Amino acid sequence: MSIHYNNQRKIFTLTTRSTTYQMRISDLGHLIHLYYGRKIEGTMEYLCVPRDCGFSPNPYQLRVERSWSMDLLPQEYSGSNTGDFRLSSLNLITDNGIRGVDLYYVRHEIRTGKYAIPAMPAAFDRDGEAETLSVTLKDPVTGLEAELLYGVYEQQDVITRAVHLTNTGTCTIHLEKVASLCLDIPFGKWDMLHFVGRHTMERQMERIPLMNGIQTVASRRGTSSHQHNPFVILCDKSATEDSGDCYGIMLVYSGNHRTDVEVDQSGSVRVVSGIHDEQFSWKLESGESFDTPEVLLTFTHQGFTPLSQNYHRFLKKNICRSKYTYARRPVLINNWEATYFDFDSDKILQIARQAKELGVEMLVLDDGWFGKRNDDNSGLGDWFVNKSKLPDGLEPLIAQINDMGLKFGLWVEPEMVNEDSELYRTHPDWAMMVPGREPAISRNQLVLDLSREDVVDWLYETLSGLLHRYHIEYIKWDMNRSISDVYSRILPPDQQGEVAHRYVLGLYRLLDRLTTEFPDVLFEGCSGGGGRFDAAMLAYSPQIWCSDNTDAIERLSIQYGTSFGYPIASMGSHVSACPNHQTGRNVPLGTRAVVAMAGTFGYEMDLNKLKDEEKQQVRQQIKQFHEYYDLIQNGDYYRLDCGEENHYFTAWQFVAPDQSEALVSIVVTHPRLNLNSICLRLKGLDPEACYVVDRQEFFGCDVPRDRIPMGDSGKTKQSYSGTVLMYGGYVLPQMFGDYPSVQIYLKKEL
Ligand code: GLA
């Protein structure tokens with residue numbers, strides 16, 4: 001049993017392989033947080049030291065006993081307006097004007113299996129390892145019940161949390177804030193890692209020391225956003241990739257989110273994470289319920305690498321539902337950067353033919369195949385074939401592509417509409433806008449009101465119609481603007497605060513229906529690149545286009561940041577043309593492939609335009625990727641070094657789960673003169689074993705053989721012990737030129 005209740009001391013203990021989580025019901029009935037961290041034996045009440053602090057009020061029941069204050073106690077789910085002046089987890093107003101909430105223990109239940117969350121993606125229990133703790137608290141005044149849900153995945157060191165609220169009172173309640181998680185960490189000095197960015201530069205890792213007051217990671221864009229990913233790590237000041245206490249807090253949600261981290265007057269830390277409360281409200285009539293999205297928690301005392309690996313394994317095993325999660329996915333070619341809107345079937349077939357010849361397995365037809373879509377000003381919403389580009393329709397095109405031996409995939413952007421479209425002319429009321437106000441326009445498009453069932457039903461009919469009619473084996477699901485002018489014409493005024501969340505629920509309902517009905521279709525998520533790269537979207541699409549920035553050098557830091565939380569197999573990554581279309585940079589073809597191989601791997605260019613020797617290189621890259629496929633997609637991932645920090649090179653490594661093979665990739669971003677050689681300490685190898693350097697290939701630079709210190713004797717393949725490679729390191733020659741790289745494949749000697 002990973003969940004235990006000590007009835008005498010009223011302590012709940014959740015245990016995973018290497019962590020313990022503990023809480024206690026106080027004498028007054030509040031649920032007090034005791035501990036979350038490295039696995040311990042024993043109980044931790046002593047950490048909750050009573051103390052009197054000026055201006056921190058005491059519960060009325062205690063009168064002259066001043067050492068017990070909600071303002072100082074670590075709590076599992078903080079209330080509001082009750083004398084705890086730190087972050088609240090829940091806030092409300094009732095019809096008769098009562099604000100705030102004070103929650104007391106009512107009952108609890110421990111059960112096998114994992115709780116589910118209605119209408120939202122949440123972790124599931126793939127092989128019967130999970131247990132659930134449900135603790136119900138109640139506010140006696142308003143009658144609001146909060147069922148705190150804990151899912152314990154013992155082997156994976158993950159604890160999930162969510163809250164199910166029910167109005168058991170007689171008054172209508174308007175929820176104004178409902179967090180998924182409150183986590184108090186009373187002791188220690190912490191840094192925070194968060195993943196910030198913008199369109200074409202997503203998830204740049206930033207490490208900041210926590211300061212007194214509140215630091216916020218949030219999005220009010222209607223999506224999880226390019227700007228702030230719904231994922232943070234708190235780590236001790238000295239934490240590195242391999243050491244130090246780290247807490248991961250990842251929200252499974254794709255809409256407006258907010259994670260606040262507060263350092264209070266006494267130095268104690270409180271994290272509150274969930275749906276963003278700005279412009280949010282939810283009307284809860286007597287008897288009605290509301291569910292929060294889920295948060296995935298993991299803790300390790302061994303630094304960022306095991307923390308990331310916990311998330312990589314967990315997201316694949318317990319969040320991604322697609323049958324393609326572990327399966328081999330096709331190497332694809334996407335025509336976007338090859339043609340943009342300017343294509344016809346001949347051009348597409350030409351691209352497909354060449355791609356097939358070099359080993360590509362699927363062609364994806366991107367934006368522009370439908371409606372009157374000749375640029376990005378019109379056509380969204382009209383999901384029927386653009387006859388001026390494809391006069392014979394999609395069937396013959398798909399048939400010819402399939403006849404070549406390629407699969408066919410299609411781009412859609414279902415959540416949007418252009419004013420210049422048949423859909424908008426027929427249903428102008430389906431686009432979100434505030435009555436009487438001109439809506440903000442972005443890429444000249446408006447957002448459909450997915451909070452409406454009729455809109456979601458229409459989208460379902462339209463998209464399932466496409467999938468039934470055509471032989472489509474992959475869908476790229478795009479979403480190319482932030483949501484503003486949030487208003488739904490069918491909700492009453494006192495429910496307009498629900499629209500943004502209802503939109504997300506509508507999206508989930510749509511994706512759920514489609515992915516359930518078409519389990520054989522591989523879905524790739526996208527939002528102007530990686531603007532909706534979150535755990536919830538991974539439930540439907542096992543891969544998400546990482547960024548619209550396809551410059552391999554820029555991709556290094558984007559993929560580096562993304563790897564802290566998300567599996568390599570989830571990162572859509574392609575080789576594109578040079579000069580790069582976003583930055584104008586030239587990067588060797590080999591280096592572009594090395595970077596794209598730290599992801600799903602594919603091409604985003606017209607391969608006809610390559611020289612013969614480059615074509616031969618592409619053929620070789622695809623062959624190589626197939627050989628490394630399992631290692632890359634299902635191996636353990638290690639960040640070895642980062643060019644943003646060392647101003648020299650970025651390096652990473654994959655190791656097979658049984659340590660039988662490893663792949664090391666290094667990209668030099670800033671060649672350095674008169675500096676020491678690069679000496680990389682490899683990770684995760686078997687210290688008892690020897691590894692032979694089976695392949696070592698340099699790209700974008702000529703290194704004389706006699707200058708290569710390791711791995712290439714010219715005659716036999718060199719072999720080194722795991723200890724040499726991990727503790728001594730792997731030494732590389734100096735590499736000069738524009739963005740050279742090297743890939744080293746090591747195999748365990750039997
Ligand atoms: C978004 C995507 C791109 C491409 C375009 C098409 O920006 O991220 O990959 O599909 O839309 O308009």
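For the single chain, residues carry numbers from 1 onward in sequence order. Both counts, for ligands and for their atoms, begin at 1 and track the order of listing. Remember, it's a predicted structure, so these values are computed and weren't measured experimentally.
- Here the closest heavy-atom approach between residue G599 and residue Q633 is recorded as O-NE2, 3.0 Å.
- Of the heavy atoms in R443, only side-chain atoms (C-beta onward) come closer than 4.0 Å to ligand 1.
- In terms of protein heavy atoms, atom 2 (C) of ligand 1 is closest to D478 OD2, 3.0 Å.
- The pair R532-E415 counts as a salt bridge, with a side-chain nitrogen and a carboxylate oxygen less than 4.0 angstrom apart.
- Here the two rings, on F231 and F195, have centers that are under 6.0 Å apart.
- Among all non-hydrogen protein atoms, the one lying nearest atom 8 (O) of ligand 1 is D548 OD1, 2.4 Å.
- At under 3.5 Å, not a single nitrogen or oxygen of E604, backbone or side chain, sits near a nitrogen or oxygen of ligand 1.
- Ring geometry for H226 versus H199: interplanar angle over 60°, hence perpendicular rather than tilted (30 to 60°).
- At under 3.5 Å, a nitrogen or oxygen of G529, whether backbone or side chain, sits near a nitrogen or oxygen of ligand 1.
- Looking at W336 next to ligand 1, no N or O pair under 3.5 Å apart turns up.
- Checked against a 3.5 angstrom limit, the closest N/O atoms of W411 and ligand 1 fall inside it.
- For atom 4 (C) of ligand 1, the candidate residues are D367, D366, V364; the nearest heavy-atom contact is made by D366.
- Ring centroids of F601 and F625 are separated by less than 6.0 Å, placing the two rings close together.
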Problem set entry | Audit row: V360, Y603, side chain to side chain contact (heavy atoms under 4.5 Å, CB included) steps and yes/no | CA-CA 8 Å; V360 168; Y603 292 83; 4.2 Å; yes
